[in-house]
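Worth knowing before you read on, the calculation uses all heavy atoms, side chains too, and leaves out hydrogens, waters and symmetry mates. As the structure is a computational prediction, the values presented were derived from the model and not from experiment. The sequence lines fix the lettering, A, B, ..., with proteins before strands; numbering per chain opens at 1.
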Amino acid sequence: MIDRKQLRLHGDAMALALAKRGSAVVGEGSAWQQACHLDAKQRELKTEAENLQAERKKVSKIIGQKKAQGEDASAELAGMGAVSQRVKTLDAEAKEAEAVFVQSLLEIPNIPHESVPEGSSEADNVELRCWGEPRLDKVPDHWGIGEKLGILDFDAGVKLAGSRFSVLRGAGARLERALMQFMLDTHADKHGYEEVWVPAIANRKTMTGTGQLPKFEDDLYKLEGEDAFLIPTAEVPVTNLYQNMILNAQQLPIKHCAYTPCFRREAGSAGRDTRGMIRQHQFDKVELVQLVHAEDALLALDELLSHAVAILEALQLPYRLVNLCAADLGFSAQKTFDLEVWLPSQNTYREISSCSSFGQFQGLRAGIRVRDAQGKPQAVATVNGSGLAIGRTLVAILENYWQSDGSVLIPDVLQPYMGGLTQIEVKNDKKGEET
RNA sequence: GGAGAGGUGUCAGAGUGGCCGAACGAGCACGCUUGGAAAGCGUGUGUACAGCAAUGUACCGAGGGUUCGAAUCCCUCCCUCUCCGCCA
């Protein structure tokens, strides 16, 4: 959530910065315009209601005193009913205005940081650097590789749940688990993150705290009969661990890593990546989350990014680092670096981690604060990123470690987690017949 | 799922219509005391919004209602605990 005081004091500058995301964000009928319009109205109503309440409080006190002393209070009592009615009306109006105001505030995206490149689409994202030697020989799609090895089964996923679900078998399932363990161990033991294990279901308030709601309800799986959702990322529960808390300055930085399954409806991506494991309704991810002082946000982002990078480099997967332009920035993000892994079958880099700073945006929404030097609570800044998306990492390993005999080598660092297995061999087992 | 109890400030815990933003205590901070510490004494100690400020208003799980006036009475919902049932 953007800061309402900032909105009032520096509205024009904010509008300018927001427009980097696209003119519609601050255009006619936008939440931005509504918020600007409602701010003054909402305050006027509140002031009026408060004044009347003060009046009522004063007179009520006198009535109480008089009655206590057995005096006649009918003079004061007269007309108070009407005042009370008026208070009720005004108060209701003020509350309504406040609610609508906050609602529109919640629909305004974060303000891009000044270091975010301008742009109108993902084509304007800026490549910062590449690492590793991209493999340029002909490599089959990961689903082809996986099915030959008998470790990927998309038909089974469809049968059990529907499209965009898959089943891992044998060394594939083991590889998924190995990646999870390797990533968590690395972040917990080497990068200083405290591991947490959290629910994969979050309620509306929690979803609002990190910015998934109210705008993106269609992207979430909602639970029947309950006001709760399957989480699209561990960011949601992990960040909200500190929802409505005032932290001590010494507690920061807070660094958590967590594995969770993630659930996304992929409502807007019909037809994209329909084959394979790239875009699933359910996928595994190890997430990194940091809560820091506002002024440390961008430094923390660099640090967190290096932690995600460390996993890619340990796995010897070629990648490139991209600075997202304003138009491609997520709703809550202030600045985002994407890490894209090389997929030889597609002859391109594909996103495998997204590391963002949210500034105080989530801190303001979720009510996560820390006392400053004066003892006043200030919203914390949040930073998070994938470290990494496990399914896509598995895909990258299949393609980058594929050998022309059809087998796939296991990266050195994963072998201990695979029971010493050094490669996955082609299997010739026949599947049963579908009936 | 059934029955019961309960949700008050950092914690513990009073408060059943006005003198309650809220007792007493603990904790914490500062000061005094001390060779130093403990004890003791004193002072202070919530959040949000509006305002340059003085200050005002709101908040006793959430939302409604009754009343001139609600932490306190009524209704709805949420959550926690205990017992029973079911269950990985």
Side-chain angles (χ1 to χ4, degrees), chain A residues 1-11 35-36 38-106 197-209 213-214 222-229 237 240-252 261 360 362-380:
Chain A
M1 189 162 71
I2 62 165
D3 192 307
R4 47 204 295 180
K5 257 188 199 142
Q6 295 297 312
L7 166 77
R8 190 175 319 150
L9 297 174
H10 309 295
C36 292
L38 286 174
D39 176 49
K41 185 187 170 199
Q42 165 259 134
R43 255 175 318 134
E44 252 170 58
L45 278 166
K46 253 199 273 192
T47 307
E48 202 181 339
E50 279 184 9
N51 288 341
L52 216 60
Q53 278 171 325
E55 165 77 10
R56 177 180 70 180
K57 204 169 168 178
K58 214 163 60 188
V59 177
S60 288
K61 206 161 231 173
I62 295 172
I63 294 172
Q65 284 164 356
K66 284 203 168 182
K67 285 203 167 174
Q69 291 164 16
E71 292 175 32
D72 176 38
S74 54
E76 283 77 11
L77 229 33
M80 279 309 281
V83 171
S84 212
Q85 267 322 109
R86 179 91 184 110
V87 168
K88 196 173 279 181
T89 311
L90 268 175
D91 195 40
E93 276 176 38
K95 268 193 183 148
E96 167 71 11
E98 162 79 6
V100 177
F101 174 62
V102 169
Q103 197 59 29
S104 41
L105 224 47
L106 286 174
W197 194 277
V198 293
I201 289 175
N203 60 31
R204 182 170 295 273
K205 184 169 187 198
T206 297
M207 284 291 184
T208 306
L213 291 180
K222 184 168 192 307
L223 268 59
E224 179 80 43
E226 294 187 50
D227 204 20
F229 307 81
N240 279 285
L241 240 25
Y242 300 94
Q243 180 191 102
N244 289 334
M245 286 183 84
I246 300 176
L247 304 167
N248 298 319
Q250 316 90 268
Q251 286 179 264
L252 301 186
Q360 292 172 292
Q362 294 180 327
L364 285 165
R365 284 182 162 247
I368 309 172
R369 293 171 292 171
V370 60
R371 292 194 188 280
D372 63 17
Q374 286 75 43
K376 286 269 160 267
Q378 305 290 346
V380 300

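- Using a 3.5 Å distance cut-off with no hydrogens or angles, the side chains of A/K46 and A/Q42 do pair a donor with an acceptor.
- Whole-Å rounding puts the A/M245 CE to B/G9 C1' distance at 15 Å.
- Distance noted for atom P between B/A70 and B/G64: 14 Å (whole Å).
- Counted within 6.0 Å of NZ on A/K222, heavy atoms from surrounding residues, nucleotides or ligands total more than 12; the atom is thus considered enclosed.
- One P atom belongs to B/G61, the other to B/G6, and the distance between them is 14 Å to the nearest Å.
- For the atom pair A/D39 CG and A/E44 CD, the distance stands at 10.5 Å (nearest 0.5 Å).
- The backbone N or O of A/Q250 lies less than 3.5 Å from no partner atom in the side chain of A/N248, so there is not a single donor-acceptor pair.
- For the pair A/K88 NZ and B/U66 C1', the interatomic distance rounds to 8 Å; values are reported in whole Å.
- Taking atom P in both B/U16 and B/C73, one finds a spacing of 9 Å when rounded to whole Å.
- Side-chain atoms of A/R56 do not come within 3.5 Å of backbone N or O of A/M80 as any donor-acceptor pair.
- Atom CG of A/D227 and atom P of B/G63 are 16 Å apart (whole Å).
- Rounded to a whole angstrom, the distance from the P atom of B/C78 to that of B/C28 is 40 Å.
- The same atom, P, is picked in B/G42 and in B/C24; the two are 12 Å apart, to the nearest Å.
- Going from atom CD of A/E76 over to atom C1' of B/U67 covers 17 Å, rounded to whole Å.
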Practice task
Go along nucleotides 45-58 of chain B 5' to 3' and tag each nucleotide: B for a protein heavy atom under 4.0 Å from its base, S when only backbone or sugar atoms are that close, - otherwise.
Solution key: -SSSBSS----BBS

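- Atom name P, nucleotides B/A50 and B/A12: the rounded distance is 32 Å, in whole Å.
- Between the CG atom of A/N244 and the P atom of B/G9 there is a distance of 14 Å, rounded to whole Å.
- The closest donor-acceptor contact from the side chain of A/Q360 to the backbone of A/A379 lies under 3.5 Å.
- Atom C1' of B/G13 sits at a distance of 32 Å from the matching atom of B/C68, rounded to the whole Å.
- Across the P atoms, B/U72 and B/G65 are found 14 Å apart, a figure rounded to whole Å.
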Practice task
Quick one: the dot-bracket string of RNA chain B, using Watson-Crick and G-U wobble pairs with both distances under 3.5 Å, [ ] for crossing pairs and | for bases paired to another strand.
Solution key: ((((((((.[[...)..(......]]((((((.......))))))(((((....))))).[[[[[..)....]]]]])))))))....

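- Residues satisfying the side-chain contact (heavy atoms from CB on, under 4.5 Å) criterion with A/A249, sequence neighbours excluded, are A/H293, A/V370.
- Atom-to-atom, NZ of A/K66 to P of B/C19 comes out at 18 Å; the value is rounded to the nearest Å.
- The distance from atom CD of A/E98 to atom CG of A/L38, rounded to the nearest 0.5 Å, is 10.0 Å.
- At a threshold of 4.0 Å, the pair A/E76-A/K58 does not count as salt-bridged, since none of the basic side-chain nitrogens sits closer than that to a carboxylate oxygen.
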